[in-house]
Visitor: 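Before I ask anything, let me first share the structure, which is written out below as C-alpha coordinates.
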Amino acid sequence: MTDPAALSRVLLGWYDRHARALPWRVPPGDDRRPDPYRIWLSEVMLQQTTVAAVKDYFHKFTTRWPTVGALAAADDADVMAAWAGLGYYARARNLLKCARVVTDDHDGRFPEDVAGLRALPGIGPYTSAAIAAIAFDRAETVVDGNVERVVARLHDIHTPLPAAKPELTAHAADLTPNERPGDHAQAMMDLGATICTPRNPACGICPWREPCMARARGTAALLPRKTPKKPKPVRHGHLYVGRVPEDGWLLETRPAQGLLGGMLGFPGTDWTESPAQPTPPLPGAWQQLPGEVRHTFTHFHLRLTIWVADLDAAAADTAAEGTAGLHIAPKLSPAALPTVMRKAYDLAAPVWSQRSRDPLAD
DNA sequence: CATTCGTGGGA
DNA sequence: TTCCCAAGAAT
(Lines give C-alpha, C1' and ligand atoms only; values in the text may rest on other atoms or scores of the structure.)
Protein backbone atom coordinates (compact mmCIF):
# COMPACT_ATOMS: atom_id res chain seq x y z
CA MET A 1 0.00 0.00 0.00
CA THR A 2 2.20 2.81 -1.26
CA ASP A 3 -0.46 4.43 -3.41
CA PRO A 4 -0.69 8.02 -2.10
CA ALA A 5 -4.48 8.10 -2.48
CA ALA A 6 -4.80 4.93 -0.42
CA LEU A 7 -2.44 6.29 2.22
CA SER A 8 -4.44 9.50 2.57
CA ARG A 9 -7.68 7.51 2.77
CA VAL A 10 -6.34 5.45 5.65
CA LEU A 11 -5.06 8.57 7.39
CA LEU A 12 -8.42 10.34 7.08
CA GLY A 13 -10.16 7.29 8.51
CA TRP A 14 -7.85 7.45 11.51
CA TYR A 15 -8.45 11.21 11.81
CA ASP A 16 -12.22 10.72 11.80
CA ARG A 17 -11.84 8.54 14.89
CA HIS A 18 -8.93 10.23 16.70
CA ALA A 19 -8.88 13.93 15.80
CA ARG A 20 -7.88 16.00 18.80
CA ALA A 21 -10.47 18.49 20.04
CA LEU A 22 -8.85 21.92 19.73
CA PRO A 23 -10.43 25.33 20.42
CA TRP A 24 -9.82 26.56 16.85
CA ARG A 25 -10.75 23.31 15.11
CA VAL A 26 -14.01 22.27 13.43
CA PRO A 27 -14.22 18.52 14.10
CA PRO A 28 -14.32 16.11 11.12
CA GLY A 29 -17.89 15.48 10.02
CA ASP A 30 -19.05 18.92 11.12
CA ASP A 31 -20.39 20.84 8.11
CA ARG A 32 -19.50 24.30 9.42
CA ARG A 33 -16.62 26.15 7.78
CA PRO A 34 -13.86 27.34 10.13
CA ASP A 35 -13.55 31.07 10.81
CA PRO A 36 -10.47 32.18 8.81
CA TYR A 37 -9.64 34.73 11.52
CA ARG A 38 -9.45 32.03 14.17
CA ILE A 39 -7.46 29.70 11.92
CA TRP A 40 -4.98 32.47 11.11
CA LEU A 41 -4.65 33.51 14.76
CA SER A 42 -4.13 29.95 15.95
CA GLU A 43 -1.59 29.15 13.24
CA VAL A 44 0.49 32.23 14.05
CA MET A 45 0.39 31.41 17.76
CA LEU A 46 1.36 27.79 17.01
CA GLN A 47 4.51 28.75 15.11
CA GLN A 48 7.26 26.97 17.08
CA THR A 49 4.92 26.86 20.07
CA THR A 50 3.12 23.97 21.75
CA VAL A 51 -0.65 23.54 21.75
CA ALA A 52 -0.65 23.60 25.57
CA ALA A 53 1.10 26.97 25.65
CA VAL A 54 -1.23 28.48 23.02
CA LYS A 55 -4.64 27.54 24.43
CA ASP A 56 -5.00 30.26 27.09
CA TYR A 57 -3.62 32.95 24.77
CA PHE A 58 -6.00 31.93 22.00
CA HIS A 59 -8.95 32.20 24.35
CA LYS A 60 -7.76 35.56 25.67
CA PHE A 61 -7.29 37.02 22.18
CA THR A 62 -10.56 35.75 20.69
CA THR A 63 -12.53 36.94 23.70
CA ARG A 64 -11.01 40.40 23.67
CA TRP A 65 -10.74 40.75 19.88
CA PRO A 66 -13.43 38.51 18.29
CA THR A 67 -12.81 39.66 14.71
CA VAL A 68 -9.88 40.74 12.57
CA GLY A 69 -11.39 44.23 12.49
CA ALA A 70 -11.46 44.42 16.27
CA LEU A 71 -7.81 43.34 16.43
CA ALA A 72 -6.85 45.86 13.76
CA ALA A 73 -8.34 48.64 15.88
CA ALA A 74 -6.46 47.63 19.04
CA ASP A 75 -3.65 49.65 20.57
CA ASP A 76 -0.19 48.21 19.87
CA ALA A 77 0.75 48.23 23.57
CA ASP A 78 -2.37 46.24 24.49
CA VAL A 79 -1.63 43.53 21.93
CA MET A 80 2.03 43.29 22.94
CA ALA A 81 1.01 43.04 26.62
CA ALA A 82 -1.52 40.32 25.79
CA TRP A 83 1.18 38.38 23.89
CA ALA A 84 3.70 38.71 26.75
CA GLY A 85 5.04 35.33 27.83
CA LEU A 86 4.29 33.55 24.56
CA GLY A 87 7.61 34.45 22.95
CA TYR A 88 8.81 35.28 19.43
CA TYR A 89 7.39 38.79 19.73
CA ALA A 90 7.85 39.61 16.03
CA ARG A 91 4.79 37.41 15.63
CA ALA A 92 2.70 39.88 17.65
CA ARG A 93 4.03 42.87 15.73
CA ASN A 94 3.30 41.14 12.41
CA LEU A 95 -0.08 39.98 13.71
CA LEU A 96 -1.18 43.58 14.09
CA LYS A 97 0.29 44.61 10.73
CA CYS A 98 -1.52 41.72 9.06
CA ALA A 99 -4.84 42.48 10.77
CA ARG A 100 -4.63 46.07 9.57
CA VAL A 101 -3.76 45.13 5.99
CA VAL A 102 -6.64 42.64 5.85
CA THR A 103 -9.01 45.20 7.34
CA ASP A 104 -7.88 48.21 5.33
CA ASP A 105 -6.91 46.66 1.98
CA HIS A 106 -8.95 43.44 1.75
CA ASP A 107 -12.31 44.57 3.12
CA GLY A 108 -11.77 42.57 6.29
CA ARG A 109 -11.55 39.21 4.52
CA PHE A 110 -8.48 36.99 4.27
CA PRO A 111 -7.26 36.03 0.79
CA GLU A 112 -8.28 32.45 -0.03
CA ASP A 113 -5.26 31.48 -2.10
CA VAL A 114 -1.70 30.77 -1.01
CA ALA A 115 -0.15 33.62 -3.00
CA GLY A 116 -2.45 36.21 -1.47
CA LEU A 117 -1.93 34.87 2.03
CA ARG A 118 1.82 34.56 1.56
CA ALA A 119 2.05 38.30 0.84
CA LEU A 120 0.76 39.19 4.32
CA PRO A 121 3.08 40.01 7.25
CA GLY A 122 4.01 37.02 9.41
CA ILE A 123 2.59 34.48 6.95
CA GLY A 124 5.21 32.23 5.35
CA PRO A 125 5.19 28.97 3.40
CA TYR A 126 3.74 26.89 6.22
CA THR A 127 1.07 29.29 7.49
CA SER A 128 -0.19 30.28 4.03
CA ALA A 129 -0.68 26.61 3.09
CA ALA A 130 -2.31 25.85 6.46
CA ILE A 131 -4.85 28.67 6.18
CA ALA A 132 -5.63 27.87 2.53
CA ALA A 133 -6.13 24.18 3.28
CA ILE A 134 -7.90 24.36 6.65
CA ALA A 135 -9.98 27.52 6.30
CA PHE A 136 -10.69 27.40 2.55
CA ASP A 137 -10.32 23.69 1.74
CA ARG A 138 -7.65 24.30 -0.91
CA ALA A 139 -5.49 21.33 -1.91
CA GLU A 140 -2.29 22.86 -0.55
CA THR A 141 0.51 20.95 1.10
CA VAL A 142 1.33 21.82 4.69
CA VAL A 143 4.88 21.09 5.84
CA ASP A 144 5.67 21.69 9.49
CA GLY A 145 7.97 19.81 11.86
CA ASN A 146 5.39 17.06 12.30
CA VAL A 147 4.99 16.48 8.58
CA GLU A 148 8.76 16.46 8.07
CA ARG A 149 9.10 13.76 10.70
CA VAL A 150 6.17 11.65 9.45
CA VAL A 151 7.33 11.74 5.83
CA ALA A 152 10.99 11.16 6.66
CA ARG A 153 9.95 8.00 8.48
CA LEU A 154 7.37 6.85 5.94
CA HIS A 155 10.07 6.91 3.24
CA ASP A 156 13.06 6.24 5.53
CA ILE A 157 14.89 9.37 4.40
CA HIS A 158 18.24 9.88 6.14
CA THR A 159 19.28 13.17 4.56
CA PRO A 160 19.70 15.67 7.42
CA LEU A 161 17.46 18.72 7.75
CA PRO A 162 17.33 21.38 6.54
CA ALA A 163 18.91 19.96 3.36
CA ALA A 164 16.17 17.31 3.21
CA LYS A 165 13.38 19.88 3.15
CA PRO A 166 12.72 19.91 -0.64
CA GLU A 167 12.66 16.12 -0.80
CA LEU A 168 10.32 15.86 2.19
CA THR A 169 8.06 18.57 0.77
CA ALA A 170 7.80 16.69 -2.53
CA HIS A 171 6.75 13.51 -0.76
CA ALA A 172 4.23 15.44 1.36
CA ALA A 173 2.78 17.04 -1.78
CA ASP A 174 2.41 13.61 -3.33
CA LEU A 175 0.23 12.58 -0.39
CA THR A 176 -2.07 15.63 -0.48
CA PRO A 177 -5.56 14.65 -1.70
CA ASN A 178 -8.03 16.78 -3.61
CA GLU A 179 -10.81 15.69 -1.24
CA ARG A 180 -10.66 17.01 2.34
CA PRO A 181 -7.19 18.55 2.00
CA GLY A 182 -7.74 20.55 5.19
CA ASP A 183 -8.52 17.46 7.24
CA HIS A 184 -5.58 15.67 5.60
CA ALA A 185 -3.23 18.48 6.67
CA GLN A 186 -4.52 18.42 10.23
CA ALA A 187 -4.38 14.63 10.29
CA MET A 188 -0.71 14.66 9.27
CA MET A 189 0.05 17.05 12.13
CA ASP A 190 -2.07 15.14 14.65
CA LEU A 191 -0.30 11.93 13.65
CA GLY A 192 3.07 13.53 14.23
CA ALA A 193 1.97 15.04 17.54
CA THR A 194 0.35 11.95 19.04
CA ILE A 195 1.70 8.79 17.33
CA CYS A 196 4.75 9.56 15.21
CA THR A 197 6.42 11.49 18.04
CA PRO A 198 10.09 12.57 18.10
CA ARG A 199 10.98 10.05 20.82
CA ASN A 200 9.37 6.66 21.41
CA PRO A 201 7.00 6.72 18.43
CA ALA A 202 3.93 4.52 18.97
CA CYS A 203 4.43 2.55 15.77
CA GLY A 204 2.29 -0.34 17.03
CA ILE A 205 -0.91 1.73 16.85
CA CYS A 206 0.02 3.87 13.84
CA PRO A 207 -2.43 3.78 10.91
CA TRP A 208 0.64 3.73 8.62
CA ARG A 209 2.51 0.97 10.47
CA GLU A 210 2.34 -1.32 7.43
CA PRO A 211 3.62 1.01 4.69
CA CYS A 212 6.15 2.81 6.92
CA MET A 213 9.67 2.05 5.65
CA ALA A 214 11.48 3.33 8.73
CA ARG A 215 9.42 1.06 10.96
CA ALA A 216 10.24 -1.89 8.71
CA ARG A 217 13.95 -1.08 8.94
CA GLY A 218 13.91 -0.13 12.62
CA THR A 219 15.11 3.43 12.02
CA ALA A 220 11.99 5.41 12.95
CA ALA A 221 13.33 6.77 16.25
CA LEU A 222 16.48 8.05 14.49
CA LEU A 223 14.56 10.20 11.99
CA PRO A 224 14.51 12.87 10.87
CA ARG A 225 18.24 13.50 11.06
CA LYS A 226 19.27 17.09 11.77
CA THR A 227 22.52 18.94 11.36
CA PRO A 228 24.05 19.54 14.82
CA LYS A 229 23.39 22.91 16.40
CA LYS A 230 25.95 25.33 17.70
CA PRO A 231 26.52 25.68 21.46
CA LYS A 232 24.93 28.66 23.21
CA PRO A 233 27.30 31.30 24.59
CA VAL A 234 26.68 32.95 27.97
CA ARG A 235 25.91 36.68 27.94
CA HIS A 236 25.92 39.03 30.92
CA GLY A 237 24.18 42.30 31.73
CA HIS A 238 22.78 44.62 34.40
CA LEU A 239 19.09 45.43 34.86
CA TYR A 240 17.66 48.30 36.91
CA VAL A 241 14.36 47.99 38.76
CA GLY A 242 13.44 51.48 39.99
CA ARG A 243 10.39 52.41 42.07
CA VAL A 244 8.70 55.78 42.37
CA PRO A 245 6.10 56.76 45.03
CA GLU A 246 3.34 55.72 45.34
CA ASP A 247 3.12 52.77 43.00
CA GLY A 248 5.31 53.81 40.09
CA TRP A 249 7.96 51.88 38.15
CA LEU A 250 10.80 52.92 35.88
CA LEU A 251 10.15 51.10 32.61
CA GLU A 252 11.17 51.18 29.00
CA THR A 253 9.42 50.19 25.81
CA ARG A 254 12.09 48.35 23.86
CA PRO A 255 12.88 49.31 20.26
CA ALA A 256 10.59 47.66 17.70
CA GLN A 257 13.44 45.71 16.13
CA GLY A 258 15.45 42.86 17.62
CA LEU A 259 15.20 40.80 20.77
CA LEU A 260 11.97 41.43 22.75
CA GLY A 261 11.24 44.19 20.24
CA GLY A 262 8.28 46.38 21.18
CA MET A 263 7.96 44.81 24.62
CA LEU A 264 7.84 46.47 28.02
CA GLY A 265 10.84 45.92 30.30
CA PHE A 266 13.25 47.33 32.85
CA PRO A 267 16.13 49.41 31.49
CA GLY A 268 19.66 48.07 31.58
CA THR A 269 22.97 47.55 29.83
CA ASP A 270 23.54 45.65 26.61
CA TRP A 271 23.94 41.88 27.01
CA THR A 272 27.49 40.88 26.11
CA GLU A 273 29.74 37.85 26.45
CA SER A 274 32.27 39.78 28.50
CA PRO A 275 30.57 41.19 31.63
CA ALA A 276 29.70 44.87 31.23
CA GLN A 277 30.22 47.69 33.72
CA PRO A 278 27.13 48.56 35.74
CA THR A 279 25.59 51.62 34.08
CA PRO A 280 22.35 52.93 35.66
CA PRO A 281 19.80 54.47 33.27
CA LEU A 282 19.54 57.52 35.56
CA PRO A 283 21.09 58.68 38.86
CA GLY A 284 19.92 57.06 42.11
CA ALA A 285 20.92 55.06 45.19
CA TRP A 286 21.08 51.77 43.26
CA GLN A 287 21.69 48.68 45.36
CA GLN A 288 22.72 45.32 43.93
CA LEU A 289 20.49 42.38 44.86
CA PRO A 290 22.00 39.08 45.93
CA GLY A 291 21.68 36.36 43.31
CA GLU A 292 20.97 36.86 39.63
CA VAL A 293 18.36 36.24 36.97
CA ARG A 294 19.15 33.34 34.67
CA HIS A 295 17.30 32.92 31.43
CA THR A 296 17.89 30.99 28.21
CA PHE A 297 16.94 32.39 24.84
CA THR A 298 17.04 30.51 21.55
CA HIS A 299 20.71 31.21 20.89
CA PHE A 300 22.31 32.28 24.19
CA HIS A 301 22.18 31.92 27.98
CA LEU A 302 21.70 35.16 29.90
CA ARG A 303 22.80 36.09 33.44
CA LEU A 304 21.48 39.40 34.74
CA THR A 305 22.62 41.31 37.81
CA ILE A 306 19.62 43.13 39.30
CA TRP A 307 19.83 46.59 40.89
CA VAL A 308 17.03 48.31 42.82
CA ALA A 309 16.43 51.90 43.96
CA ASP A 310 13.75 54.19 45.32
CA LEU A 311 13.62 57.14 42.95
CA ASP A 312 12.39 60.70 43.45
CA ALA A 313 9.33 61.13 41.26
CA ALA A 314 10.05 64.55 39.81
CA ALA A 315 13.75 63.92 39.24
CA ALA A 316 13.10 60.52 37.68
CA ASP A 317 10.42 61.90 35.39
CA THR A 318 12.73 64.62 34.16
CA ALA A 319 15.69 62.30 33.71
CA ALA A 320 13.62 59.67 31.89
CA GLU A 321 12.62 62.20 29.25
CA GLY A 322 16.19 62.23 28.03
CA THR A 323 16.14 58.59 26.89
CA ALA A 324 13.94 57.17 24.14
CA GLY A 325 11.40 54.68 25.43
CA LEU A 326 12.18 55.35 29.10
CA HIS A 327 9.25 56.45 31.26
CA ILE A 328 7.62 56.28 34.67
CA ALA A 329 4.57 54.04 34.69
CA PRO A 330 1.96 54.72 37.39
CA LYS A 331 1.54 51.00 37.95
CA LEU A 332 2.79 47.70 36.55
CA SER A 333 1.10 44.45 35.66
CA PRO A 334 3.80 41.75 35.71
CA ALA A 335 1.74 39.75 33.21
CA ALA A 336 2.52 42.41 30.60
CA LEU A 337 6.25 41.64 30.85
CA PRO A 338 8.18 39.13 28.74
CA THR A 339 9.33 36.22 30.89
CA VAL A 340 12.93 37.33 31.41
CA MET A 341 11.67 40.69 32.72
CA ARG A 342 9.08 39.00 34.91
CA LYS A 343 11.90 36.98 36.48
CA ALA A 344 13.61 40.25 37.39
CA TYR A 345 10.34 41.55 38.79
CA ASP A 346 9.94 38.40 40.89
CA LEU A 347 13.43 38.87 42.31
CA ALA A 348 13.05 42.61 43.01
CA ALA A 349 9.43 43.01 44.12
CA PRO A 350 9.89 41.33 47.55
CA VAL A 351 12.38 44.07 48.46
CA TRP A 352 9.62 46.63 48.75
CA SER A 353 6.99 44.40 50.29
CA GLN A 354 9.61 43.60 52.93
CA ARG A 355 10.30 47.30 53.54
CA SER A 356 6.59 48.08 53.94
CA ARG A 357 6.33 45.47 56.69
CA ASP A 358 9.43 46.84 58.42
CA PRO A 359 9.78 50.60 57.74
CA LEU A 360 13.00 50.83 59.76
CA ALA A 361 14.81 48.47 57.42
CA ASP A 362 17.01 50.18 54.89
C1' DC B 1 21.90 28.69 3.08
C1' DA B 2 22.72 30.61 7.93
C1' DT B 3 21.22 33.49 11.68
C1' DT B 4 17.98 35.70 14.64
C1' DC B 5 14.13 35.32 17.38
C1' DG B 6 11.12 32.97 23.41
C1' DT B 7 9.33 29.96 26.27
C1' DG B 8 7.90 25.91 29.04
C1' DG B 9 7.73 21.04 29.47
C1' DG B 10 9.62 16.54 29.21
C1' DA B 11 13.37 13.00 29.10
C1' DT C 1 21.39 20.14 35.04
C1' DT C 2 21.23 19.98 30.39
C1' DC C 3 19.39 19.15 26.17
C1' DC C 4 15.68 18.80 22.88
C1' DC C 5 11.93 20.51 20.78
C1' DA C 6 7.01 22.75 19.38
C1' DA C 7 1.41 23.76 13.59
C1' DG C 8 8.26 28.99 11.31
C1' DA C 9 9.12 33.77 9.47
C1' DA C 10 12.16 37.38 8.31
C1' DT C 11 16.50 38.77 6.82
Side-chain angles (χ1 to χ4, degrees), chain A residues 19-20 22-25 38-58 80 83-95 97-98 117-135 140-150 160-166 169 172 182 184-194 196-200 221 224-235 254-263 265 271 294-302 337-343:
Chain A
R20 288 186 293 174
L22 299 173
W24 45 87
R25 173 174 288 175
R38 293 166 63 89
I39 298 302
W40 162 70
L41 179 62
S42 67
E43 290 299 344
V44 171
M45 287 184 167
L46 286 163
Q47 290 167 3
Q48 295 290 284
T49 308
T50 59
V51 167
V54 163
K55 277 183 175 170
D56 289 348
Y57 285 88
F58 180 80
M80 299 312 288
W83 196 278
L86 196 56
Y88 284 148
Y89 298 101
R91 292 184 296 172
R93 302 193 299 270
N94 285 327
L95 191 79
K97 287 183 193 169
C98 182
L117 290 162
R118 180 71 182 78
L120 296 169
I123 298 183
Y126 164 78
T127 305
S128 57
I131 297 172
I134 298 170
E140 298 292 346
T141 300
V142 168
V143 184
D144 74 329
N146 290 303
V147 174
E148 289 175 348
R149 186 170 58 255
V150 167
L161 284 166
K165 179 93 173 179
T169 299
H184 172 85
Q186 295 178 91
M188 290 285 283
M189 295 187 283
D190 271 20
L191 187 67
T194 63
C196 195
T197 51
R199 285 168 298 220
N200 302 317
R225 291 184 56 191
K226 296 187 177 179
T227 56
K229 48 193 64 174
K230 299 196 310 186
K232 298 177 191 210
V234 178
R235 293 186 191 173
R254 300 173 62 89
Q257 309 292 332
L259 193 64
L260 308 180
M263 296 302 291
W271 302 339
R294 291 193 176 199
H295 190 75
T296 297
F297 292 99
T298 306
H299 54 293
F300 66 93
H301 302 287
L302 179 63
L337 297 172
T339 299
V340 63
M341 295 295 168
R342 192 180 45 71
K343 287 182 180 177

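First the proteins, then the strands, lettered A, B, ... as listed; each starts at 1. Note that the structure is a prediction, hence the values are computed from the model and not measured.
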Visitor: Going by atom types only, do Tyr126(A) and Glu43(A) share a side-chain donor-acceptor pair under 3.5 Å?
Guide: yes
Visitor: Sticking with atom C1', work out how far dG8(B) lies from dA10(C), rounded to a whole angstrom.
Guide: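 Between the two C1' atoms, the distance is 24 Å.
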Visitor: dT2(C) P sits how many Å from His301(A) NE2, rounded?
Guide: 8 Å
Visitor: Under 4.0 Å from OP1 or OP2 of dG8(C): is there any side-chain N or O of Gln47(A) that close?
Guide: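 No, because none of the side-chain N or O atoms of Gln47(A) sits under 4.0 Å from OP1 or OP2 of dG8(C).
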Visitor: With a non-hydrogen cut-off below 4.0 angstrom, is Trp83(A) in contact with a base, only sugar-phosphate, or nothing?
Guide: nothing
Visitor: Using 0.5 Å steps for rounding, measure from the CG atom of Leu46(A) to the OG1 atom of Thr127(A).
Guide: 9.0 Å
Visitor: Supply the atom-to-atom distance His184(A) NE2 to Leu191(A) CG, rounded to the nearest 0.5 angstrom.
Guide: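 Here the interatomic distance stands at 10.0 Å.
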Visitor: Arg294(A) side chain to Leu302(A) main-chain N or O, any donor-acceptor pair under 3.5 Å?
Guide: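 Side chain of Arg294(A) to backbone of Leu302(A), a donor-acceptor pair under 3.5 Å: no, none is there.
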Visitor: With nearest nucleotides of DNA chain C determined for Gln257(A) and Lys232(A) from heavy-atom distances, which residue corresponds to the more 5′ nucleotide?
Guide: Lys232(A)
Visitor: At under 4.0 Å, does any side-chain N or O of Arg294(A) touch on OP1 or OP2 of dT2(C)?
Guide: no
Visitor: Is the gap between the ring centers of His299(A) and Phe297(A) under 6.0 Å?
Guide: no
Visitor: Can a donor-acceptor pair be found between the side chains of Gln186(A) and Arg25(A) at a distance below 3.5 Å?
Guide: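 Yes.
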Visitor: Taking atom CZ of Arg91(A) and atom CD of Gln48(A), what is their separation to the nearest 0.5 Å?
Guide: 8.5 Å
Visitor: With DNA chain B as reference, determine whether Pro162(A) or Lys343(A) sits nearer its 5' end, using the nearest nucleotide of each.
Guide: Pro162(A)
Visitor: Can you figure out which of dG8(C), dA10(C), dA7(C) approaches the side chain of Thr127(A) most closely?
Guide: dG8(C)
Visitor: Look at all strands and tell whether Gly261(A) reaches a base, only sugar-phosphate, or nothing, counting heavy atoms closer than 4.0 Å.
Guide: nothing
Visitor: Select base, sugar-phosphate, or nothing to describe what Gly258(A) touches, counting heavy atoms under 4.0 Å on all strands.
Guide: sugar-phosphate
Visitor: Tell me: CD of Gln48(A) to P of dC5(C), nearest whole Å?
Guide: 11 Å
Visitor: For a quick check of understanding: with a heavy-atom distance under 4.0 Å over all strands, which category does Leu86(A) fall into, base, sugar-phosphate or nothing?
Guide: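 Counting heavy atoms under 4.0 Å across all strands, the contact made by Leu86(A) includes a base.
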Visitor: Touch check for Thr339(A), heavy atoms < 4.0 angstrom, all strands: base, sugar-phosphate only, or nothing?
Guide: sugar-phosphate
Visitor: Rounded to whole angstroms, how far apart are CZ on Arg149(A) and P on dC4(C)?
Guide: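 So the CZ-P distance, Arg149(A) to dC4(C), works out to 16 Å.
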Visitor: From dC5(C), dG8(C), dA7(C), pick the nucleotide closest to the side chain of Lys229(A)?
Guide: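 For the Lys229(A) side chain, the nearest candidate turns out to be dC5(C).
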Visitor: Base of dA7(C), side chain of Arg91(A) - is there a donor-acceptor contact under 3.5 Å?
Guide: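 Side chain to base: no pair present.
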Visitor: Nearest whole angstrom, please: distance from the P of dA7(C) to the CE of Met189(A).
Guide: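 After rounding, the gap between these two atoms is 9 Å.
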Visitor: For the P atoms, the ones on dT3(B) and on dA7(C), what distance do you get once it is rounded to whole angstrom?
Guide: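 Taking atom P in both dT3(B) and dA7(C), they lie 23 Å apart.
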Visitor: Specify the separation, in whole Å, of atom CZ of Phe297(A) and atom C1' of dC3(C).
Guide: 18 Å
Visitor: At 4.0 Å (heavy atoms only), tell me whether Lys165(A) reaches a base, stays on the sugar-phosphate, or touches nothing.
Guide: nothing
Visitor: Shortest non-hydrogen contact from Val147(A) to Ala172(A)?
Guide: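 Minimum heavy-atom separation between Val147(A) and Ala172(A): CG1-CB, 3.9 Å.
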Visitor: In whole Å, I'd like the distance from the OH atom of Tyr88(A) to the P atom of dA7(C).
Guide: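 These atoms are roughly 13 Å apart.
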Visitor: Considering residues at least two apart in sequence or located in another chain, which fulfil the ring-ring contact (aromatic ring centres under 6.0 Å, His included) criterion with Phe58(A)?
Guide: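 Partners of Phe58(A) by the ring-ring contact (aromatic ring centres under 6.0 Å, His included) criterion, ordered by chain and then number, come out as Trp24(A).
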Visitor: Look up atom CG in Leu259(A) and atom CH2 in Trp271(A), then write down how far apart they are to the nearest 0.5 Å.
Guide: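 The distance works out to 5.5 Å.
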Visitor: dC5(C) and dC5(B): how far apart are their C1' atoms, nearest whole angstrom?
Guide: 15 Å
Visitor: Nearest-Å distance, CD1 (Ile131(A)) to C1' (dA9(C))?
Guide: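 So the two atoms are 13 Å apart, to the nearest Å.
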Visitor: Name every residue in residues 38-46 of chain A that has at least one heavy atom under 4.0 Å from any atom of DNA chain C, in order of residue number, or write none if there are no such residues.
Guide: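 Residues of residues 38-46 of chain A under 4.0 Å from DNA chain C: Glu43(A), Leu46(A).
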Visitor: Taking any atom under 4.0 angstrom from a heavy atom of chain A, which nucleotides of DNA chain B are the first and last to qualify, 5' to 3'?
Guide: dT3(B) to dG8(B)
Visitor: Base, sugar-phosphate or nothing for Leu95(A)? Non-hydrogen atoms, less than 4.0 Å.
Guide: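 Result for Leu95(A) = nothing.
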Visitor: What distance separates Gln47(A) CD from Asp144(A) CG, expressed to the nearest 0.5 Å?
Guide: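 Between atom CD of Gln47(A) and atom CG of Asp144(A) there are 11.0 Å.
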Visitor: How close or far is atom C1' of dA6(C) from atom CZ of Arg20(A), stated in whole angstroms?
Guide: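 From Arg20(A) CZ to dA6(C) C1': 11 Å.
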